[in-house]
Amino acid sequence: MRKRPMCLACLGFMLVLVLLRIAGVPLGTPFSDPKYENKAQQGRKVWIAGTIETYEKKSSNNGYVLRGEGSKGKIYLLAKRGDLPVGAAVRVYGTVKKPESPRNPGMFDEKTYYEGKGCAFYVISEREEVVDVGRWNLGEALRLERERCCAVLKEMMPEEEAGVLSAMLLGERSELTEETYLAYQQSGLLHLISVSGMHLMLLGMALRRLLMALHLPKTPASLAAAAGMVLYGMFTGSGTATVRAVVMFAVRMGAVAVGRTYDSLSALSLTAILMLAENPSYLEQSGFWLSFGAVTAISGVYPVLAGEKVERKRRGEKTGLERLAAQGKGAAMVYLSLQLVMIPLQAWYFYEIPLFAFLPNLFAGAVMTAVLLPGAAGLLAGLASVKAGSVVLLPARFLLTLLRQMTAAVAQIPGNVWICGQPEKWQMAGYGIILTGLLVILYVRKRKREMNPDGAKRKENLLMLLKKAEDGTLTASTSSGTSSTDDGYIISDSSIRELTDSDLSGLSKGKLRIARNEIYARHHRKFDSADLQIYFDKKSWYSGTIEPSDFDEKNELSQIEKKNIDLIKKYE
């Protein structure tokens, strides 16, 4: 936590919210208008006037969040009509009801759902009147365009595949058939049928690369990509997982723009604080925990299990088969990390645990890029020409069909789902404590492996290596670690200004080498040279996430950085 104070702040903030709710403080409880209380208890029919704020399409009806006229509260409107414009002033006649908590385990939790929407009541409408359509509204324009995109996808693909791609790209789950949703749930793939962080990151980075390919500088391209993903989040309906993904992507692009290091766990913690501050009732919503749990597994659990900063890929060390085996092992570790976090959440919210989810999950993880990028490209092409879009969508259609067949096959395995019931709270707490303890033990062991267990002799060697790094005599052949705790730079601003001869003339060859590689380290690049990797691992600002072979120097580095690297090489 020393290097991630935001994580500690997030845990503290969540603990305060929980204690306040236990104490009876009505945090996140929507305003309950007294004039509807008695009518809701009696199930009376009323006329309600207000303005439509948001819309969501449901499988059997349409949902609207209505801001009551002259009221501080909101009311959720269930109507058969799906053409009420967002931003319009309406009058509605129907039965007003107050959401109830589930009476039996497994029942739909009305109270939590509607509180998450900010509504203390809901109305089953029998009649709606549009009083004033209002001015042009961005939310309504995006809604109409989303519906158009859904219709185009259904023209270009079979119903099942169109429904899944609509959920992935547009956040529109209403197009999913009940059979498809159940199959994905029992296969542990519910995280795929929403606009998740992985989906948004792929699309956002693709947009950034496109802008940089059009010769837009890195900083404006990063900020433009962040703005584009914010608009995309609004376009998809701003679901819980989407909001989290958009905020984290914006933080990442902001870090790139100002030349700072991005840390996914810190960004995740900041996102949680912002979302809970805006609506504390997220703490009781399954979507919040499933979304944040998945990212915690990838960003927090996986690096510990995989020993990300211990086992470095060295040049020429692995053959093609060995690399393939290493990738398979990495995919298996990602799946294990996800399951360690998601299994208790799956049991808590769905009362069941899929036992053979690893098969479709490994396949989905391997092909998701090949689904999303052609899917997005095909949708854009389909808006201009359905025939052209159908051709572009062929890879995504084929892979989604394979995934559907795989989930169907898994569903036929006897005992594929364990109906476990909802765990007790003490069991959930015990599981969390045990998992955290095991991860701490593995992390400590990993750190000890980085520090050779030869005791005092190792410390002496580390001090010598640090001295060599500082005076310029450190080489890969003499290094296996460094105890540097200095988080500074050789040249702190080499990414934002052009260096001059005076900046480099007094530096040793070793310091020049480190200064040159500081530029790469700021972009999260790993290093083939063991001494460089160990040196930068000790810096709190460094987070190596990109393999050397995957680093796109042409697009990732700015012109200033490229010029500085060339200048430093001349001095080396």
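Values below: every heavy atom of this structure, side chains too, minus hydrogens, waters and symmetry copies.
- Rounding to the nearest 0.5 Å gives a distance of 12.0 Å between CZ of Phe350 and SG of Cys420.
- Atom-to-atom distance recorded for Tyr349:OH and Gln285:CD is 9.0 Å, nearest 0.5 angstrom.
- Inspection of the Ser264 and Ser299 side chains reveals an N or O donor paired with an N or O acceptor under 3.5 Å.
- Enclosure of atom NZ in Lys98 by more than 12 non-hydrogen atoms of other residues, nucleotides or ligands within 6.0 angstrom is indicated.
- Partner of Glu172 under the salt bridge (Lys or Arg N to Asp or Glu O under 4.0 Å) criterion, chosen from Arg148, Lys154, Arg146: Arg146.
- Side-chain contact check for Leu393 versus Leu153: some heavy-atom pair is nearer than 4.5 Å.
- In this structure, Asn361 contributes its side chain and Ser187 its backbone to a donor-acceptor pair below 3.5 Å.
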Item checked: Check against side-chain hydrogen bond (donor to acceptor under 3.5 Å, both in side chains), Ser266 and Ser269 -> CA-CA 5 Å; Ser266 297; Ser269 300; over 6 Å; no
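- Closest approach of Gln339 and Pro344 over heavy atoms only: O-CD, 4.2 Å.
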Next item on the list: Evaluate the criterion side chain to side chain contact (heavy atoms under 4.5 Å, CB included) for residue pair Tyr181 and Arg173; output intermediate values, then yes/no.
Entry: CA-CA 9 Å; Tyr181 183 88; Arg173 284 194 176 188; 3.5 Å; yes
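- Side-chain atoms of Trp348 and Trp289, non-hydrogen and from C-beta on, never get closer than 4.5 Å to each other.
- Side-chain contact between Leu355 and Asn416: absent, with no pair of heavy atoms (C-beta onward) separated by less than 4.5 Å.
- Put simply, the side chain of Gln427 gets close to the backbone of Glu424: a donor and an acceptor are under 3.5 Å apart.
- By the 4.5 Å heavy-atom criterion applied to side chains, Leu169 and Tyr232 are counted as neighbours.
- A donor-acceptor contact under 3.5 angstrom links the side chains of Glu128 and Ser125, judged on distance only.
- A donor-acceptor pair under 3.5 Å is formed between the side chain of Tyr335 and the backbone N or O of Phe358.
- Results of the side chain to side chain contact (heavy atoms under 4.5 Å, CB included) test with Leu66 over Val123, Thr54, Val90 single out Val90 as the only residue that passes.
- Note: Ile75 CD1 to Glu53 CD = 11.5 Å, rounded to the nearest 0.5 Å.
- A donor and an acceptor atom, one from each side chain of Glu56 and Tyr76, are located under 3.5 Å apart.
- Looking at Thr180, its side chain never comes within 3.5 Å of a backbone N or O of Leu176 through a donor-acceptor pair.
- To the nearest 0.5 Å, atoms CG (Leu290) and OG1 (Thr240) are separated by 10.0 Å.
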Item checked: Worked verdict on Arg127 versus Glu129 for salt bridge (charged side-chain N to carboxylate O under 4.0 Å, His left out) -> CA-CA 7 Å; Arg127 180 180 175 185; Glu129 297 178 357; 2.7 Å; yes
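- With salt bridges taken as basic N to acidic carboxylate O contacts below 4.0 Å, none links Glu161 and Arg397.
- Going from atom CG of Leu170 over to atom CG of Leu142 covers 11.5 Å, rounded to the nearest 0.5 Å.
- Annotation: Arg81, atom CZ; neighbour count of heavy atoms from other residues, nucleotides and ligands within 6.0 Å is above 12.
- If you check the side chains of Arg208 and Ser222, you find a donor sitting under 3.5 Å from an acceptor.
- Residues Leu383 and Cys149 come closest through the heavy atom pair CD2-SG, 4.2 Å.
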Next item on the list: Check the pair Arg244 / Thr271 against side-chain hydrogen bond (donor to acceptor under 3.5 Å, both in side chains), numbers first and verdict last.
Entry: CA-CA 6 Å; Arg244 178 203 54 75; Thr271 304; over 6 Å; no
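- The closest side-chain heavy-atom distance from Tyr302 to Leu338 is not below 4.5 Å.
- Between Ala226 and Ala250 the shortest heavy-atom distance is CB-CA, 4.1 Å.
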Check: Given Lys387 and Glu155, is the salt bridge (charged side-chain N to carboxylate O under 4.0 Å, His left out) satisfied, shown in steps?
Finding: CA-CA 10 Å; Lys387 290 184 178 180; Glu155 288 186 56; over 6 Å; no
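- Within 6.0 Å of the CH2 atom in Trp47, the count of heavy atoms belonging to other residues, nucleotides or ligands exceeds 12.
- Within the 4.5 Å cutoff, the side chain of Met212 has no heavy atoms near those of the Arg209 side chain.
- The minimum heavy-atom distance between Ser238 and Val243, with the atom names listed, is O-CG2, 3.6 Å.
- For the pair Leu399 and Ala370, the tightest heavy-atom approach, listed with the atom from each and the gap, is CD1-CB, 3.6 Å.
- Within 6.0 Å of NZ in Lys218 there are more than 12 heavy atoms belonging to other residues, nucleotides or ligands.
- Considering only heavy atoms from C-beta on, Leu403 stays 4.5 Å or farther from Thr401 through its side chain.
- Remark: Glu284 engages Arg21 in a salt bridge, criterion side-chain N to carboxylate O under 4.0 Å.
- In this structure, Tyr64 and Ala79 approach most closely via the heavy-atom pair CE1-CB, 4.2 Å.
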Check: Does the pair Met168 and Leu400 meet the rule for a side chain to side chain contact (heavy atoms under 4.5 Å, CB included), with working shown?
Finding: CA-CA 11 Å; Met168 289 181 175; Leu400 287 175; 4.2 Å; yes
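- In this structure, the separation between CG on Leu379 and CE on Met157 is 10.5 Å, given to the nearest 0.5 Å.
- Between the side chain of Glu140 and the backbone N or O of Val86 there is at least one donor-acceptor pair closer than 3.5 Å.
- Taking the ring centre of Tyr55 as origin, the terminal cationic atom of Arg143 falls inside the region bounded by 6.0 Å and 45° from the ring axis.
- Judged purely by atom type and a 3.5 angstrom limit, Asn62 uses its side chain to pair as donor or acceptor with the backbone of Lys80.
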Next item on the list: Please assess Val256 against Thr219 for the test side chain to side chain contact (heavy atoms under 4.5 Å, CB included), listing each intermediate value before the final yes or no.
Entry: CA-CA 7 Å; Val256 171; Thr219 296; over 6 Å; no
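- Remark: side-chain polar atoms of Asn279 are not paired, donor with acceptor, to backbone N or O of Gly118 under 3.5 angstrom.
- Side-chain contact between Met248 and Leu268 is present, with heavy atoms from C-beta onward closer than 4.5 Å.
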Item checked: Full working for side chain to side chain contact (heavy atoms under 4.5 Å, CB included) between Tyr113 and Asp109 -> CA-CA 6 Å; Tyr113 177 79; Asp109 191 344; 6.0 Å; no
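- Looking only at distances, a side-chain donor or acceptor of Glu110 sits under 3.5 Å from a matching main-chain atom of Glu100.
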